[in-house]
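All values below were derived from every heavy atom in this structure, side-chain atoms included, with hydrogens, water molecules and symmetry-related copies excluded.
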Amino acid sequence: MTDILIVGSGGAGLSAAIHAKKAGLNVLVVSKTYPTHSQTSQAQGGINAVLHENDSIKSHVDDTLKSSHHLGNHYVIQNMCENAKATIVWLDELGVPFSRDETAHIAQRKLGGASFSRACYSSDYTGLKILHTLYDTCLKESIEFLHEHMLLNFIVEDKKVIGITAFDIQSGEVKELFAKRVIVATGGYISLYNGFNTNSNATTGDGIAAALRAGAKLSNMEFIQFHPTAIKGCNVLVSESARGEGGYIVDDKGNRFIDELKPRDEVARAIYEKIQENHEVFLDVRHLGLEKINEAIPQERRLAMDFAKVKLEEELLSINPAAHYCMGGILVNENAQTTLENLYACGECAQTNVHGANRLGGNSLLEIITFGQIAALHCVNELKNSTVSYTTPSKQFLNDKMFIKEVYSFPNQIDFYAQKEFMGKIFFKNIGLFRNDLNMKAVLSKIRQWQKEFAFMGIGDKSKIFNKNLVEFIEFGNMLELSETVVISAISRCESRGAHFRSDHPFEVKDFAKNSIAYKMDGILAVDFEGN
Amino acid sequence: MKIKIVRFDINKQPQQKEFEYEVSHSRLLDALHEIKTKQDNSLTFRQGCGSGVCGSCAVRVNGVERLACKTHINEHDLVEPIKYTKVIRDLVVDLSHQEKFLNTAKAFLQEYEVNEITKKDEKAIDIQSNCILCQSCLSSCPVYEVNENFLGPYVLTRVLRYVNDKKENNITEKLASIQSNGIWDCTLCGNCTMVCPQFIDPKNDILNLRTKSYQNGYTDPNLSMNNGFDTGFGNGDFGFNPNGF
């Protein structure tokens with residue numbers, strides 16, 4: 001029997017898999033995509049760790065806490081930062097080709113909000129190289145994968161998670177997989193901002209939605225980070241380094257209107273306001289000259305060419321802000337345990353009490369690797385003498401098999417793709433950089449309408465083989481579930497804090513220095529606030 | 001603008017058929033998405049990051065391997081799945097060969113060795129470790145036409161990435177694993193280098209691996225085959241033996 005079933009094969013899932021396998025456990029990794037197709041590949045900037053004496057762990061902890069706007073948990077952050085050096089060493093010894101400085105030490109650079117240069121990096125491809133090295137290591141360790149299997153639901157018996165149901169995308173079959181422990185590492189839910197985000201289209205929060213359905217608590221779902229500079233039209237991210245190197249943000253008259261080096265949120269809001277006034281906004285690096293551009297931001301130059309057909313040294317690049325990262329997710333404790341027995345969560349799908357109201361650059365890669373390890377090692381300790389009993393077929397499996405069968409005969413009177421596109425628009429506009437009660441309630445009523453209409457939607461593709469139409473329909477169902485939690489959490493937080501900015505409550509309110517907790521009770525969604 | 005897509009469905013007759021679509025987007029990935037969501041829900045393709053790093057959307061456009069997310073299309077362009085692997089449906093192909101090849105070639109760090117890594121050492125494996133496993137190089141490689149077990153460009157590039165990594169203490173096994181169906185089977189045509197979206201040069205990497213193999217005592221089996229050629233002089237015995245043995 002599988003000891004640990006890991007759902008998701010990005011940085012967090014693979015970190016958990018390697019640690020669990022090396023501890024001698026029987027590991028199975030199940031994932032909707034291939035590992036190297038995961039969102040982790042897109043992380044550019046770096047991974048934070050205090051490696052030198054001139055920096056200090058206290059400073060890393062303080063920076064993280066400050067960025068969290070009093071929502072981060074000191075103990076959890078302290079633990080992550082203390083172990084960060086060991087985490088980097090572990091990755092380095094697996095083969096991650098971290099860039100070196102002149103003295104043959106791991107090079108570090110300064111990212112926004114950090115007091116020191118503490119982000120270790122691998123050229124402009126930190127996430128890509130970490131992800132691929134972890135994947136190579138998994139092959140070396142003979143870790144078993146089920147690729148392109150989408151999580152449907154957790155199998156819960158006697159209030160314990162004992163496995164999952166999964167949809168085999170290639171064959172169209174529903175499967176049930178049992179395990180002593182399940183670690184969910186399925187990524188964030190930024191695709192709610194469909195068409196207005198920098199992420200992979202696969203980030204539809206499937207694991208978080210399944211956890212909510214199974215009875216787990218979610219937390220801080222309202223906190224979404226927006227990045228100021230994505231290429232207009234395709235939302236490909238242009239790294240902060242373009243501004244760090246002296247690039248300007250200008251309007252359509254060529255005028256600068258914001259200090260480009262202010263925090264991401266402030267720059268993003270200023271750009272958004274301009275666009276709302278029907279102005280176009282551009283990134284202007286022409287004054288840096290070709291030589292400097294090639295030396296300092298070659299990747300940005302290539303992206304502008306590939307995705308916008310713009311030569312940065314000669315032309316302006318049209319940009320807009322875009323949703324970038326989810327701080328919220330499945331609530332976990334310091335051991336990565338969710339509120340459901342035997343279910344762990346790590347990576348962007350988990351709310352680990354590290355990022356709070358806003359994430360510090362360079363902390364996301366650190367968090368996914370750290371908590372992948374924490375989840376795996378806690379499972380290892382727990383699993384001594386542990387057994388799980390189950391009956392097959394499980395009720396969940398029969399339900400899900402029936403559901404998939406029924407979807408084929410759903411009437412498809414309402415086109416869910418059009419609704420998904422509309423969801424992205426109203427989310428970006430109303431649950432975006434500026435929020436207010438009235439607009440958010442209008443979005444909520446639209447979501448509730450969609451939830452009622454779900455059975456009138458459906459699929460046009462009736463094939464069993466590699467039915468992506470069906471996969472995307474199930475994803476949309478998950479998005480409907482999660483969008484409600486995001487909006488209700490955002491409505492409930494009557495203040496502005498970190499990435500959550502309310503025009504009708506523009507200041508931080510002390511009483512709200514708490515985490516929002518969303519959960520379902522008898523099918524009804526509730527949101528509370530709890531201290532961290 | 002009109003584009004043509006070669007589609008495949010195992011349950012239809014004929015299984016493979018060319019379809020034409022009217023699209024308004026000029027980026028191929030957006031055009032595919034437009035067809036799927038607005039014209040035909042059954043069009044099937046892989047996609048992910050949309051920014052050229054996840055490697056999931058490689059297809060062929062007018063016969064040349066491209067990432068759909070980084071390709072701007074023109075009128076009457078022909079879009080097909082990549083070659084030399086089974087088509088599962090439309091533009092989605094089987095990827096199961098990937099892990100088989102990577103395992104065979106031991107394309108991972110086998111034995112960590114403590115060593116000083118300089119900027120120069122890091123640069124030596126920088127480009128090779130930018131590979132996104134998009135399969136473009138494999139699809140462009142003519143060797144697969146005759147040898148489906150060929151380890152192929154990206155696998156060999158990945159082997160060189162670890163062979164050149166000063167952290168690796170076991171290059172012997174790696175070199176041994178790429179002798180058969182590996183470096184000597186490459187025709188050095190350079191197609192892989194031409195199509196790589198990450199500007200990797202697998203052809204040159206394979207040449208590097210050949211040099212390293214020579215240095216470790218391996219020989220090109222294609223040359224040793226020539227040793228069987230009868231020169232007419234017997235087995236190197238010229239009838240001249242100055243030492244009188």
Side-chain angles (χ1 to χ4, degrees), chain A residues 33-34 36-39 41-42 92-95 97-102 104 106-107 122-123 125 127-129 132-133 135-137 139-140 142 145 147 170 198-202 233-237 303 306-307 309 412 415 417-418 420-421 459-469 472, chain B residues 9-11 27 29-30 33 36-38 40-56 67 69-70 72 88-90 92 94-96 98-99 102-103 106-110 112 114 116-122 125-126 129-133 158 161-162 165 167-168 197:
Chain A
T33 64
Y34 270 77
T36 56
H37 298 172
S38 306
Q39 179 61 35
S41 66
Q42 282 184 262
D92 194 58
E93 292 184 0
L94 291 184
F98 283 117
S99 295
R100 259 43 188 193
D101 61 19
E102 303 298 341
I106 289 175
S122 285
S123 64
Y125 286 122
L128 175 81
K129 296 195 189 204
H132 279 247
T133 308
Y135 175 59
D136 294 346
T137 308
L139 296 184
K140 175 187 165 191
S142 305
F145 284 101
H147 301 300
Q170 195 172 325
T198 62
N199 285 203
S200 161
N201 282 332
C234 60
N235 283 314
V236 170
L237 186 74
L303 287 173
D306 285 344
F307 293 98
K309 293 194 228 171
N412 199 17
D415 173 19
Y417 285 119
K420 194 168 146 182
E421 200 178 315
I459 53 175
D461 181 2
K462 306 295 183 187
S463 170
K464 272 202 82 168
I465 297 166
F466 220 96
N467 192 330
K468 284 278 281 204
N469 188 211
E472 285 160 357
Chain B
D9 188 329
I10 198 163
N11 294 320
R27 184 166 78 135
L29 187 62
D30 296 332
H33 188 69
K36 183 168 186 69
T37 58
K38 297 194 167 69
D40 185 346
N41 289 169
S42 70
L43 180 69
T44 306
F45 53 96
R46 283 197 185 95
Q47 59 162 345
C49 72
S51 56
V53 288
C54 82
S56 66
L67 295 182
C69 69
K70 281 169 81 168
H72 289 271
I88 296 171
R89 195 173 172 205
D90 293 347
V92 172
D94 180 32
L95 296 176
S96 58
Q98 176 177 296
E99 281 169 18
L102 289 170
N103 275 321
K106 300 192 167 39
F108 36 71
L109 190 77
Q110 274 173 283
Y112 173 72
V114 184
E116 185 182 82
I117 313 280
T118 64
K119 247 178 136 81
K120 198 178 152 207
D121 300 327
E122 170 218 336
I125 58 169
D126 183 41
S129 56
N130 286 345
C131 173
I132 57 174
L133 294 176
R158 218 170 179 88
R161 171 247 179 277
Y162 284 107
D165 194 333
K167 293 172 193 169
E168 176 61 278

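Among Thr137(A), Leu303(A), Asn199(A), Asp306(A), the residue with the largest count of heavy-atom pairs under 4.5 Å with chain B is Asp306(A). Among the candidates Lys106(B), Glu116(B), Lys38(B), Lys70(B), the residue making the largest number of heavy-atom pairs closer than 4.5 Å to chain A is Lys70(B). Per-residue counts of heavy-atom pairs under 4.5 Å with chain A were compared for Leu95(B), Ile125(B), Leu102(B); the largest is that of Leu95(B). Taking chain B as the reference chain and counting heavy-atom pairs below 4.5 Å, the highest number among Gln39(A), Glu102(A), Lys420(A) is found for Glu102(A). For the set Ser99(A), Gly127(A), Ser38(A), Cys234(A), the entry with the most heavy-atom pairs within less than 4.5 Å of chain B is Ser99(A). When each of Lys36(B), Gln110(B), Arg27(B) is scored by its heavy-atom pairs under 4.5 Å with chain A, the top score falls to Lys36(B). Note: Asn130(B) leads Asn130(B), Ile132(B), Asn11(B), Asp90(B) in heavy-atom pairs under 4.5 Å with chain A. Ranked by heavy-atom pairs under 4.5 Å with chain A, the first of Asp126(B), Asp165(B), Asp94(B) is Asp126(B). Listed options Glu168(B), Arg46(B), Lys120(B) were ranked by heavy-atom pairs under 4.5 angstrom with chain A; first place goes to Arg46(B). Between chain B and the options Ser463(A), Ser123(A), Ala202(A), the largest number of non-hydrogen pairs under 4.5 Å is found for Ser463(A).
Contact of Lys309(A) with chain B is made through the side chain alone, with heavy-atom distances under 4.5 Å. Contact of Leu94(A) with chain B is made through the backbone alone, with heavy-atom distances under 4.5 Å. Only the side chain of Tyr162(B) comes within contact range of chain A, with heavy atoms under 4.5 Å apart. With a threshold of 4.5 angstrom between heavy atoms, Asp40(B) does not approach chain A through any atom at all. Contacts between Gln170(A) and chain B at a heavy-atom distance below 4.5 Å involve the side chain alone, from C-beta outward. Looking at Tyr34(A), the atoms closer than 4.5 Å to chain B (heavy atoms on both sides) all sit in the side chain, from C-beta outward. With a 4.5 angstrom heavy-atom cutoff, Leu128(A) touches chain B only via side-chain atoms. Both the backbone and the side chain of Phe466(A) come within contact range of chain B, judged by heavy atoms closer than 4.5 Å. Using a 4.5 Å cut-off between heavy atoms, Val92(B) contacts chain A through its side chain alone, with no backbone atom that close.
Considering all non-hydrogen atoms of both residues, His37(A) and Gly55(B) come closest at NE2-O, 4.0 Å. Closest non-hydrogen pair, His132(A) versus Cys131(B), comes out as CE1-O, 3.2 Å. Nearest heavy atoms, Phe307(A) versus His72(B): O-NE2, 4.2 Å. For the residue pair Pro97(A) and Ser129(B), the shortest heavy atom distance occurs at CG-OG, 3.7 Å. Listed here is the closest heavy atom pair of Arg89(B) and Ile465(A): NH1-O, 3.0 Å.
For the pair Lys167(B) and Glu93(A), the salt-bridge criterion is not met [side-chain N within less than 4.0 Å of a carboxylate O].
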(request) For side-chain contact (heavy atoms from CB on, under 4.5 Å), just list the numbers for Gln47(B) and Asn201(A), CA-CA rounded to whole Å, side-chain angles, deciding distance to a tenth of an Å, and then say yes or no. (result) CA-CA 8 Å; Gln47(B) 59 162 345; Asn201(A) 282 332; 3.0 Å; yes
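A heavy-atom distance below 4.5 Å is not found between the side chains of Thr33(A) and Ser56(B). Contact check for Arg158(B) versus Asp136(A): side-chain heavy atoms found under the 4.5 Å cut-off. Annotation: side chain of Glu122(B) is not in contact with side chain of Asp101(A) (no heavy-atom distance under 4.5 Å). In this structure, the side chains of Arg161(B) and Thr133(A) come closer than 4.5 Å at one or more pairs of heavy atoms.
For the side-chain contact (heavy atoms from CB on, under 4.5 Å) criterion with Lys468(A), the lone passing option out of Leu43(B), Asn41(B), Thr44(B) is Thr44(B).
Taking the ring-ring contact (aromatic ring centres under 6.0 Å, His included) definition, one finds that His33(B) meets it with nothing, sequence neighbours left out.
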